[in-house]
Amino acid sequence: MQWNSLVALALVAPSHALIRFGCSQLVVDRLDPLVNPGLTPSPHLHQIIGGNSFQPSMKPGEHDLAALSTCTTCQPSDDFSNYWTAALFFRARNGTYKRVPQKGNVGFEGQKGGMTVYYMQNHLGDFQQKSKVTAFKPGFRMLIGSPTASTKEEADKYPQLTYTCLQDMNTRFPETKDFPKKPCPAGIMVNLRFPTCWDGVNVDSPDHISHMSYPANGTFESQGPCPASHPVRVPQLMYEVIFETKAFNNKADWPADGSQPFVWSFGDRTGYGNHGDYLFGWKNDSLQKIMDEECYVNCQTMKTQPISAMNACSVGRKVDEDIGDGGWIESLPGVPNSKIR
Ligand SMILES: *[C@@H]1O[C@H](CO)[C@@H](O)[C@H](O)[C@H]1NC(C)=O
Ligand SMILES: *[C@@H]1O[C@H](CO)[C@@H](O)[C@H](O)[C@H]1NC(C)=O
Ligand SMILES: *[C@@H]1O[C@H](CO)[C@@H](O)[C@H](O)[C@H]1NC(C)=O
(Lines give C-alpha, C1' and ligand atoms only; values in the text may rest on other atoms or scores of the structure.)
(Ligands and ions follow the chains in the order given, each with its own letter.)
Protein backbone atom coordinates (compact mmCIF):
# COMPACT_ATOMS: atom_id res chain seq x y z
CA MET A 1 0.00 0.00 0.00
CA GLN A 2 1.07 3.53 -0.72
CA TRP A 3 0.55 5.66 2.35
CA ASN A 4 3.26 4.44 4.61
CA SER A 5 5.79 4.26 1.84
CA LEU A 6 5.28 8.00 1.53
CA VAL A 7 5.67 8.43 5.26
CA ALA A 8 8.77 6.28 5.33
CA LEU A 9 10.32 8.31 2.52
CA ALA A 10 9.20 11.49 4.15
CA LEU A 11 11.20 10.69 7.24
CA VAL A 12 14.36 11.24 5.25
CA ALA A 13 13.00 14.00 3.01
CA PRO A 14 12.34 17.23 4.88
CA SER A 15 10.39 18.77 2.00
CA HIS A 16 7.30 17.12 3.42
CA ALA A 17 5.29 19.21 5.90
CA LEU A 18 3.96 17.37 8.89
CA ILE A 19 4.17 17.16 12.63
CA ARG A 20 4.67 13.86 14.38
CA PHE A 21 4.83 13.43 18.12
CA GLY A 22 4.49 10.93 20.95
CA CYS A 23 1.76 10.95 23.60
CA SER A 24 1.86 8.89 26.82
CA GLN A 25 -1.18 7.08 28.20
CA LEU A 26 -3.67 9.36 29.95
CA VAL A 27 -5.89 6.48 31.13
CA VAL A 28 -7.31 3.13 30.03
CA ASP A 29 -11.00 3.22 30.92
CA ARG A 30 -14.48 2.15 29.78
CA LEU A 31 -15.55 5.66 28.70
CA ASP A 32 -16.54 7.15 25.34
CA PRO A 33 -17.50 10.83 25.55
CA LEU A 34 -18.06 10.95 21.75
CA VAL A 35 -20.33 7.97 21.06
CA ASN A 36 -21.74 7.38 24.56
CA PRO A 37 -21.53 10.75 26.34
CA GLY A 38 -22.22 10.44 30.06
CA LEU A 39 -22.42 6.66 30.00
CA THR A 40 -20.21 5.19 32.77
CA PRO A 41 -19.28 2.51 31.82
CA SER A 42 -19.44 2.67 28.03
CA PRO A 43 -19.79 -0.64 26.10
CA HIS A 44 -16.08 -1.35 25.67
CA LEU A 45 -12.63 -0.44 26.97
CA HIS A 46 -10.54 2.34 25.38
CA GLN A 47 -6.95 3.55 25.65
CA ILE A 48 -6.89 7.34 25.76
CA ILE A 49 -4.20 10.03 25.42
CA GLY A 50 -4.08 13.85 25.57
CA GLY A 51 -5.46 16.56 27.86
CA ASN A 52 -6.51 15.75 31.41
CA SER A 53 -9.97 17.33 31.08
CA PHE A 54 -11.07 13.96 29.64
CA GLN A 55 -14.30 12.86 31.33
CA PRO A 56 -17.48 10.85 30.55
CA SER A 57 -19.31 13.81 28.99
CA MET A 58 -17.57 16.52 26.91
CA LYS A 59 -20.23 18.40 24.91
CA PRO A 60 -19.01 20.70 22.12
CA GLY A 61 -19.53 24.33 23.10
CA GLU A 62 -19.60 23.40 26.79
CA HIS A 63 -16.38 21.52 27.37
CA ASP A 64 -13.33 23.58 26.28
CA LEU A 65 -10.52 21.01 26.41
CA ALA A 66 -7.73 23.61 26.32
CA ALA A 67 -9.30 25.76 29.06
CA LEU A 68 -10.22 22.86 31.37
CA SER A 69 -7.03 20.78 31.07
CA THR A 70 -4.04 21.50 33.32
CA CYS A 71 -1.69 19.07 31.55
CA THR A 72 -1.41 16.88 28.48
CA THR A 73 0.31 13.56 27.82
CA CYS A 74 1.30 14.77 24.33
CA GLN A 75 4.66 16.27 23.46
CA PRO A 76 3.24 19.60 22.12
CA SER A 77 2.33 21.47 25.28
CA ASP A 78 -0.51 23.37 23.56
CA ASP A 79 -2.30 20.18 22.50
CA PHE A 80 -5.07 19.26 24.95
CA SER A 81 -6.97 17.17 22.39
CA ASN A 82 -8.11 13.67 23.30
CA TYR A 83 -7.34 10.75 21.02
CA TRP A 84 -8.40 7.17 21.64
CA THR A 85 -8.82 3.67 20.24
CA ALA A 86 -10.09 0.40 21.63
CA ALA A 87 -7.79 -1.60 23.88
CA LEU A 88 -6.27 -4.91 22.71
CA PHE A 89 -6.32 -8.27 24.49
CA PHE A 90 -4.56 -11.61 24.13
CA ARG A 91 -6.74 -14.68 24.52
CA ALA A 92 -5.02 -17.72 26.06
CA ARG A 93 -5.78 -21.30 24.99
CA ASN A 94 -7.89 -21.72 28.12
CA GLY A 95 -10.10 -18.78 27.09
CA THR A 96 -8.87 -16.18 29.59
CA TYR A 97 -7.66 -12.72 28.58
CA LYS A 98 -4.84 -10.33 29.37
CA ARG A 99 -4.54 -6.75 28.11
CA VAL A 100 -1.72 -6.13 25.62
CA PRO A 101 0.36 -3.09 26.68
CA GLN A 102 1.49 -0.32 24.32
CA LYS A 103 4.89 1.24 23.80
CA GLY A 104 6.29 4.41 22.26
CA ASN A 105 7.74 4.66 18.77
CA VAL A 106 11.42 5.02 17.91
CA GLY A 107 12.54 8.24 19.60
CA PHE A 108 9.81 8.00 22.23
CA GLU A 109 11.03 4.89 24.06
CA GLY A 110 10.60 6.61 27.43
CA GLN A 111 6.92 7.35 27.01
CA LYS A 112 4.36 5.40 29.01
CA GLY A 113 2.05 3.46 26.65
CA GLY A 114 0.07 5.83 24.44
CA MET A 115 0.63 6.33 20.73
CA THR A 116 2.19 8.48 18.01
CA VAL A 117 0.09 11.22 16.41
CA TYR A 118 0.63 12.89 13.04
CA TYR A 119 -0.94 15.97 11.49
CA MET A 120 0.06 15.76 7.86
CA GLN A 121 -0.15 18.75 5.63
CA ASN A 122 0.90 17.63 2.20
CA HIS A 123 2.65 15.00 0.28
CA LEU A 124 6.22 14.34 -0.56
CA GLY A 125 5.91 15.40 -4.20
CA ASP A 126 4.43 18.77 -3.31
CA PHE A 127 7.73 20.58 -3.28
CA GLN A 128 6.16 23.98 -3.65
CA GLN A 129 4.20 23.39 -0.43
CA LYS A 130 1.07 24.75 -2.04
CA SER A 131 -1.32 22.47 -0.26
CA LYS A 132 -2.69 24.66 2.50
CA VAL A 133 -4.70 23.00 5.19
CA THR A 134 -7.22 24.53 7.55
CA ALA A 135 -6.81 23.44 11.16
CA PHE A 136 -9.79 21.99 13.07
CA LYS A 137 -12.09 24.43 14.90
CA PRO A 138 -12.92 24.49 18.63
CA GLY A 139 -15.45 21.78 19.44
CA PHE A 140 -14.49 19.70 16.40
CA ARG A 141 -14.67 15.93 16.81
CA MET A 142 -14.84 12.86 14.60
CA LEU A 143 -14.33 9.14 14.50
CA ILE A 144 -13.35 6.71 11.78
CA GLY A 145 -13.97 2.99 11.40
CA SER A 146 -16.72 0.86 12.89
CA PRO A 147 -16.62 -1.70 15.70
CA THR A 148 -19.39 -3.62 13.90
CA ALA A 149 -17.35 -4.13 10.70
CA SER A 150 -16.69 -7.87 10.53
CA THR A 151 -15.80 -8.49 6.89
CA LYS A 152 -13.15 -7.12 4.54
CA GLU A 153 -15.89 -5.44 2.46
CA GLU A 154 -17.16 -3.56 5.51
CA ALA A 155 -13.62 -2.63 6.58
CA ASP A 156 -12.79 -1.38 3.05
CA LYS A 157 -15.26 1.50 3.54
CA TYR A 158 -12.44 2.93 5.69
CA PRO A 159 -9.50 2.38 3.37
CA GLN A 160 -6.72 3.80 5.51
CA LEU A 161 -7.16 1.81 8.72
CA THR A 162 -4.55 -0.94 8.78
CA TYR A 163 -2.13 -3.15 10.73
CA THR A 164 1.63 -3.54 10.34
CA CYS A 165 3.35 -6.65 11.71
CA LEU A 166 6.56 -5.17 13.13
CA GLN A 167 9.59 -7.36 12.42
CA ASP A 168 11.57 -4.52 13.99
CA MET A 169 10.59 -1.01 15.04
CA ASN A 170 11.13 0.37 11.53
CA THR A 171 8.95 -2.10 9.61
CA ARG A 172 6.31 -0.21 7.60
CA PHE A 173 5.06 -2.80 5.08
CA PRO A 174 3.00 -4.55 4.27
CA GLU A 175 -0.20 -3.16 5.77
CA THR A 176 -3.23 -5.40 6.20
CA LYS A 177 -6.89 -4.75 6.96
CA ASP A 178 -7.05 -7.64 9.44
CA PHE A 179 -4.87 -8.75 12.34
CA PRO A 180 -1.48 -10.25 11.41
CA LYS A 181 -1.67 -14.04 11.17
CA LYS A 182 1.79 -14.73 12.63
CA PRO A 183 3.68 -13.51 15.70
CA CYS A 184 5.16 -10.02 15.18
CA PRO A 185 8.58 -9.85 16.90
CA ALA A 186 8.51 -6.09 17.63
CA GLY A 187 4.74 -5.75 18.10
CA ILE A 188 1.59 -4.94 16.13
CA MET A 189 1.27 -1.38 14.87
CA VAL A 190 -2.28 -0.14 14.28
CA ASN A 191 -2.47 2.68 11.72
CA LEU A 192 -5.49 4.99 11.59
CA ARG A 193 -5.71 7.78 9.02
CA PHE A 194 -8.74 10.03 9.26
CA PRO A 195 -10.66 11.60 6.35
CA THR A 196 -9.27 14.94 5.23
CA CYS A 197 -12.21 16.87 3.73
CA TRP A 198 -14.55 18.83 6.04
CA ASP A 199 -17.99 20.25 5.25
CA GLY A 200 -16.73 23.58 6.62
CA VAL A 201 -19.79 24.06 8.84
CA ASN A 202 -20.42 21.30 11.37
CA VAL A 203 -17.98 20.44 14.15
CA ASP A 204 -19.79 17.10 14.57
CA SER A 205 -22.54 15.00 12.96
CA PRO A 206 -24.91 12.33 14.30
CA ASP A 207 -22.67 9.45 13.19
CA HIS A 208 -19.53 11.57 13.97
CA ILE A 209 -18.27 10.78 10.44
CA SER A 210 -20.53 12.39 7.82
CA HIS A 211 -19.31 15.98 8.37
CA MET A 212 -16.07 14.55 6.93
CA SER A 213 -15.23 12.88 3.65
CA TYR A 214 -12.35 11.24 1.86
CA PRO A 215 -11.15 13.08 -1.28
CA ALA A 216 -13.44 12.85 -4.33
CA ASN A 217 -10.85 10.73 -6.05
CA GLY A 218 -7.34 9.58 -5.25
CA THR A 219 -6.14 10.07 -1.69
CA PHE A 220 -4.90 12.88 0.52
CA GLU A 221 -1.39 11.72 -0.31
CA SER A 222 -2.02 11.86 -4.06
CA GLN A 223 -3.51 15.37 -3.71
CA GLY A 224 -7.01 14.11 -4.53
CA PRO A 225 -9.48 17.03 -4.59
CA CYS A 226 -12.07 17.43 -1.85
CA PRO A 227 -15.69 16.90 -3.02
CA ALA A 228 -18.00 19.94 -3.34
CA SER A 229 -20.02 18.70 -0.35
CA HIS A 230 -16.89 18.75 1.86
CA PRO A 231 -14.69 21.44 0.31
CA VAL A 232 -12.34 22.30 3.19
CA ARG A 233 -9.02 20.46 3.23
CA VAL A 234 -7.91 19.75 6.81
CA PRO A 235 -4.69 18.12 8.07
CA GLN A 236 -4.57 14.36 7.78
CA LEU A 237 -4.75 13.10 11.34
CA MET A 238 -2.99 9.78 11.76
CA TYR A 239 -2.45 7.53 14.77
CA GLU A 240 0.17 4.83 15.11
CA VAL A 241 -0.55 2.61 18.10
CA ILE A 242 2.14 0.03 18.89
CA PHE A 243 0.94 -2.93 20.90
CA GLU A 244 3.84 -4.73 22.59
CA THR A 245 3.11 -8.40 21.90
CA LYS A 246 6.48 -9.71 23.17
CA ALA A 247 4.93 -11.59 26.11
CA PHE A 248 2.39 -13.24 23.78
CA ASN A 249 4.49 -14.33 20.80
CA ASN A 250 5.10 -17.94 21.83
CA LYS A 251 3.36 -19.97 19.13
CA ALA A 252 2.72 -22.75 21.68
CA ASP A 253 0.34 -20.35 23.49
CA TRP A 254 -1.57 -19.56 20.29
CA PRO A 255 -4.85 -21.29 19.38
CA ALA A 256 -4.42 -24.92 18.34
CA ASP A 257 -6.53 -24.30 15.19
CA GLY A 258 -3.86 -21.96 13.79
CA SER A 259 -5.88 -18.76 14.20
CA GLN A 260 -4.34 -15.66 15.76
CA PRO A 261 -4.99 -14.85 19.44
CA PHE A 262 -5.50 -11.09 19.58
CA VAL A 263 -8.92 -9.57 20.14
CA TRP A 264 -10.13 -5.98 20.32
CA SER A 265 -11.82 -4.95 23.58
CA PHE A 266 -15.24 -5.15 21.86
CA GLY A 267 -14.74 -8.83 21.01
CA ASP A 268 -13.46 -8.53 17.41
CA ARG A 269 -10.97 -11.28 16.52
CA THR A 270 -10.75 -10.34 12.82
CA GLY A 271 -9.37 -6.81 13.23
CA TYR A 272 -11.89 -5.39 10.74
CA GLY A 273 -13.54 -3.38 13.54
CA ASN A 274 -10.48 -1.10 13.88
CA HIS A 275 -11.67 2.41 14.83
CA GLY A 276 -10.40 5.62 16.43
CA ASP A 277 -11.85 8.78 17.92
CA TYR A 278 -10.72 12.41 18.11
CA LEU A 279 -11.75 15.48 20.10
CA PHE A 280 -9.85 18.58 18.93
CA GLY A 281 -8.35 20.58 21.79
CA TRP A 282 -5.34 22.62 20.66
CA LYS A 283 -5.08 25.94 22.46
CA ASN A 284 -6.33 28.94 20.46
CA ASP A 285 -4.85 28.95 16.93
CA SER A 286 -1.68 27.03 17.83
CA LEU A 287 -2.36 24.18 15.38
CA GLN A 288 -3.13 26.58 12.51
CA LYS A 289 0.11 28.51 13.21
CA ILE A 290 2.11 25.27 13.01
CA MET A 291 0.37 24.26 9.78
CA ASP A 292 1.05 27.72 8.33
CA GLU A 293 4.76 27.37 9.15
CA GLU A 294 4.84 24.34 6.81
CA CYS A 295 7.53 22.69 8.82
CA TYR A 296 8.77 19.16 9.22
CA VAL A 297 8.59 17.63 12.72
CA ASN A 298 10.77 20.30 14.35
CA CYS A 299 8.59 23.38 14.11
CA GLN A 300 9.51 26.72 15.61
CA THR A 301 5.88 27.46 16.38
CA MET A 302 5.35 24.13 18.20
CA LYS A 303 6.03 24.37 21.93
CA THR A 304 7.07 21.02 23.37
CA GLN A 305 7.47 19.44 26.78
CA PRO A 306 9.85 16.65 27.89
CA ILE A 307 8.78 13.00 28.07
CA SER A 308 8.90 13.22 31.89
CA ALA A 309 6.13 15.87 31.79
CA MET A 310 4.08 13.77 29.33
CA ASN A 311 4.40 10.78 31.67
CA ALA A 312 3.48 12.85 34.75
CA CYS A 313 0.04 13.71 33.32
CA SER A 314 -2.77 11.19 33.91
CA VAL A 315 -6.32 10.86 35.18
CA GLY A 316 -7.79 8.18 37.42
CA ARG A 317 -10.09 5.49 36.07
CA LYS A 318 -13.80 6.22 36.58
CA VAL A 319 -14.91 2.62 36.10
CA ASP A 320 -13.67 0.28 38.82
CA GLU A 321 -13.14 -3.14 37.21
CA ASP A 322 -10.39 -5.62 36.40
CA ILE A 323 -9.06 -4.78 32.93
CA GLY A 324 -6.63 -7.70 32.73
CA ASP A 325 -3.42 -5.79 33.48
CA GLY A 326 -2.34 -8.13 36.25
CA GLY A 327 -3.95 -11.56 36.23
CA TRP A 328 -6.02 -13.28 33.56
CA ILE A 329 -9.69 -12.26 33.27
CA GLU A 330 -12.60 -14.50 32.27
CA SER A 331 -14.29 -12.05 29.86
CA LEU A 332 -13.59 -8.71 28.20
CA PRO A 333 -14.82 -5.77 30.32
CA GLY A 334 -18.46 -5.06 29.35
CA VAL A 335 -18.57 -7.89 26.77
CA PRO A 336 -20.22 -10.83 28.63
CA ASN A 337 -20.44 -13.05 25.54
CA SER A 338 -16.66 -13.09 25.36
CA LYS A 339 -16.73 -15.52 28.32
CA ILE A 340 -16.01 -18.89 26.78
CA ARG A 341 -14.82 -21.02 29.69
C1 LIG B 1 -7.06 30.85 24.31
O2 LIG B 1 -7.63 29.61 24.71
C3 LIG B 1 -7.96 29.55 26.06
C4 LIG B 1 -8.40 28.12 26.33
O5 LIG B 1 -9.35 27.69 25.40
C6 LIG B 1 -9.05 30.55 26.37
O7 LIG B 1 -9.38 30.50 27.75
C8 LIG B 1 -8.54 31.94 26.00
O9 LIG B 1 -9.59 32.86 26.15
C10 LIG B 1 -8.04 31.96 24.57
N11 LIG B 1 -7.40 33.21 24.28
C12 LIG B 1 -7.66 33.91 23.21
C13 LIG B 1 -6.88 35.16 23.03
O14 LIG B 1 -8.48 33.55 22.37
C1 LIG C 1 -5.07 -19.85 31.59
O2 LIG C 1 -3.95 -19.69 30.73
C3 LIG C 1 -2.95 -18.80 31.20
C4 LIG C 1 -1.92 -18.65 30.09
O5 LIG C 1 -1.46 -19.88 29.68
C6 LIG C 1 -2.38 -19.31 32.50
O7 LIG C 1 -1.37 -18.48 32.97
C8 LIG C 1 -3.51 -19.39 33.52
O9 LIG C 1 -3.03 -19.93 34.73
C10 LIG C 1 -4.64 -20.25 33.00
N11 LIG C 1 -5.78 -20.13 33.90
C12 LIG C 1 -6.47 -21.19 34.32
C13 LIG C 1 -7.57 -20.91 35.27
O14 LIG C 1 -6.21 -22.31 33.95
C1 LIG D 1 -10.33 13.97 -9.80
O2 LIG D 1 -11.36 14.94 -9.74
C3 LIG D 1 -10.98 16.18 -10.30
C4 LIG D 1 -12.09 17.20 -9.99
O5 LIG D 1 -13.37 16.61 -10.08
C6 LIG D 1 -10.76 15.99 -11.80
O7 LIG D 1 -10.37 17.20 -12.38
C8 LIG D 1 -9.65 14.97 -11.99
O9 LIG D 1 -9.47 14.70 -13.34
C10 LIG D 1 -9.97 13.69 -11.25
N11 LIG D 1 -8.80 12.83 -11.30
C12 LIG D 1 -8.92 11.53 -11.54
C13 LIG D 1 -7.62 10.78 -11.56
O14 LIG D 1 -9.98 10.97 -11.72
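All values below were derived from every heavy atom in this structure, side-chain atoms included, with hydrogens, water molecules and symmetry-related copies excluded.
Residues Leu26 and Gly50 approach most closely at CD1-O, 3.5 Å, considering heavy atoms. Among all heavy-atom pairs drawn from Leu34 and Met142, the shortest one is CD2-O, 3.5 Å. In plain terms, the two heavy atoms of Gly145 and Ile209 that are nearest each other are O-CD1, 4.3 Å. The minimum heavy-atom distance between Asp32 and Asp277, with the atom names listed, is OD1-OD2, 4.1 Å. The two residues Gly51 and Asn82 come nearest to each other via the heavy atoms O-ND2, 3.1 Å. Closest approach of Trp198 to His211, counting heavy atoms only: CD1-O, 3.4 Å.
Other residues, nucleotides and ligands contribute at most 12 non-hydrogen atoms within 6.0 Å of the NZ atom of Lys59. In Lys103, the NZ atom is crowded: over 12 heavy atoms of neighbouring residues, nucleotides or ligands sit closer than 6.0 Å. Within 6.0 Å of the NZ atom in Lys98, the count of heavy atoms belonging to other residues, nucleotides or ligands exceeds 12. The number of heavy atoms from other shown groups lying within 6.0 Å of CD (Gln300) does not exceed 12.
Side chain to side chain, Gln47 and Gln102 meet the donor-acceptor criterion of an N or O pair below 3.5 Å. Side-chain N/O atoms of Ser24 and Gln111 include no donor and acceptor closer than 3.5 Å. A donor atom on one side chain and an acceptor atom on the other are found under 3.5 Å apart for Thr164 and Asn191. Of the N and O atoms on the side chains of Asn52 and Ser314, not one donor lies less than 3.5 Å from an acceptor on the other residue. Asn202 and Ser205 are not linked by any side-chain donor-acceptor pair at a separation below 3.5 angstrom, with hydrogens and angles left out of the test. Between Ser69 and Ser53, the side chains place a donor N or O and an acceptor N or O closer than 3.5 Å (distance only, hydrogens not considered). For the residue pair Gln160 / Gln236, a side-chain donor-acceptor distance below 3.5 Å is found, with atom types taken as modelled.
Not one N or O on the side chain of Glu175 forms a donor-acceptor pair closer than 3.5 Å with the backbone of Thr162. Remark: the backbone N or O of Ala67 is paired with a side-chain donor or acceptor of Asp64 at under 3.5 angstrom. Side-chain atoms of Trp282 do not come within 3.5 Å of backbone N or O of Ala66 as any donor-acceptor pair. Under the 3.5 Å distance criterion, the side-chain polar atoms of Arg30 are left unmatched by any main-chain donor or acceptor of Val319. Between the side chain of Thr73 and the backbone N or O of Gly114, no donor-acceptor pair lies under 3.5 Å. Formation of a donor-acceptor pair under 3.5 Å by the Gln305 side chain with backbone atoms of Ile307 is not found in this model. Judged purely by atom type and a 3.5 angstrom limit, Arg233 uses its side chain to pair as donor or acceptor with the backbone of Gln121. Panel note: side chain Ser265, backbone Leu45; a donor-acceptor pair is recorded below 3.5 Å. Without hydrogens or angle criteria, Asp268 side chain to Gly271 main chain gives a donor-acceptor distance under 3.5 Å. Without hydrogens or angle criteria, Gln288 side chain to Asp285 main chain gives no donor-acceptor distance under 3.5 Å.
A distance of 11.0 Å separates NZ in Lys181 from SG in Cys165, rounded to the nearest 0.5 Å. Rounded to the nearest 0.5 angstrom, Asp292 CG and Cys299 SG are separated by 11.5 Å. Taking CG of Asn105 as the reference point, atom CG of Leu166 lies at 8.5 Å (rounded to 0.5 Å). Atoms OG and CG, on Ser146 and Asp207 in that order, are 10.5 Å from each other to the nearest 0.5 Å.
The same ILVMFWY cluster, assembled from side-chain heavy atoms under 4.5 Å apart, contains both Met212 and Leu287. In terms of hydrophobic clustering, with Ile, Leu, Val, Met, Phe, Trp and Tyr side chains grouped at heavy-atom distances under 4.5 Å, Trp254 and Ile188 are assigned to a common cluster. Under the 4.5 Å side-chain heavy-atom criterion for Ile, Leu, Val, Met, Phe, Trp and Tyr, Met310 and Ile290 are members of distinct hydrophobic clusters. Val335 is not connected to Trp328 by any chain of hydrophobic side-chain contacts under 4.5 Å among Ile, Leu, Val, Met, Phe, Trp and Tyr, and they are in different clusters. Hydrophobic clustering (side-chain heavy atoms under 4.5 Å, transitive across Ile, Leu, Val, Met, Phe, Trp, Tyr) groups Ile329 together with Val263.
Contact of the Tyr239 side chain with the Val190 side chain is not registered, since no non-hydrogen atoms from C-beta on lie closer than 4.5 Å. In this structure the side chain of Pro261 reaches within 4.5 angstrom of the side chain of Pro255, judged on heavy atoms. No side-chain heavy atom of Met120 sits under 4.5 Å from any side-chain heavy atom of Pro235. Taking 4.5 Å as the limit, some side-chain heavy atom of His208 sits within range of a side-chain heavy atom of Val35. Between Leu237 and Tyr278 the shortest side-chain heavy-atom distance falls below 4.5 Å. No side-chain heavy atom of Asn298 sits under 4.5 Å from any side-chain heavy atom of Tyr296. Looking at Thr72 and Gln75, their side chains never come closer than 4.5 Å, going by heavy atoms from C-beta outward. With a 4.5 Å cut-off on side-chain heavy atoms, Asp253 and Arg93 do not count as touching.
If you look at Phe266 and His275, their ring centroids are closer than 6.0 Å. When ring centroids are compared, Trp84 and Phe54 come within the 6.0 Å threshold. Checked against the 6.0 Å centroid criterion, the rings of Tyr163 and Phe179 qualify as a close aromatic pair. The distance between the ring centers of Phe140 and Phe280 does not fall below 6.0 angstrom. Aromatic rings of Phe262 and Phe89 (six-membered ring for Trp) have centroids beyond the 6.0 Å cut-off, not under it. Checked against the 6.0 Å centroid threshold, Tyr214 and Tyr158 do not count as a close aromatic pair. Centroid-to-centroid, the aromatic rings of Tyr272 and Trp264 stay 6.0 Å apart or farther.
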Worked check of side chain to side chain contact (heavy atoms under 4.5 Å, CB included) between Arg317 and Glu321: CA-CA 9 Å; Arg317 276 169 51 209; Glu321 63 186 347; 3.9 Å; yes

What's the verdict on side chain to side chain contact (heavy atoms under 4.5 Å, CB included) for Met115 and Ile49, showing C-alpha distance, side-chain angles and the deciding distance? CA-CA 8 Å; Met115 50 173 138; Ile49 60 166; 3.3 Å; yes

Run Thr96 and Asn94 through side chain to side chain donor-acceptor pair (under 3.5 Å) and show every step you take. CA-CA 6 Å; Thr96 61; Asn94 63 18; 2.8 Å; yes

Start with the C-alpha distance between Phe194 and Val234, add both sets of side-chain angles, then the distance that settles side chain to side chain contact (heavy atoms under 4.5 Å, CB included), and finish with yes or no. CA-CA 10 Å; Phe194 286 75; Val234 296; over 6 Å; no

Please assess Met302 against Ile19 for the test side chain to side chain contact (heavy atoms under 4.5 Å, CB included), listing each intermediate value before the final yes or no. CA-CA 9 Å; Met302 189 168 98; Ile19 53 171; 3.9 Å; yes

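Arg99 has a carboxylate O that lies under 4.0 Å from a charged side-chain N of Asp325, or vice versa, which qualifies the two as a salt bridge. A salt bridge is absent between Arg193 and Glu240: the closest approach of a Lys/Arg side-chain nitrogen to an acidic carboxylate oxygen does not fall below 4.0 angstrom.
A side-chain contact (heavy atoms from CB on, under 4.5 Å) with Phe21 is found for one member of Thr304, Thr116, Val297, Asp79 and no other, namely Asp79.
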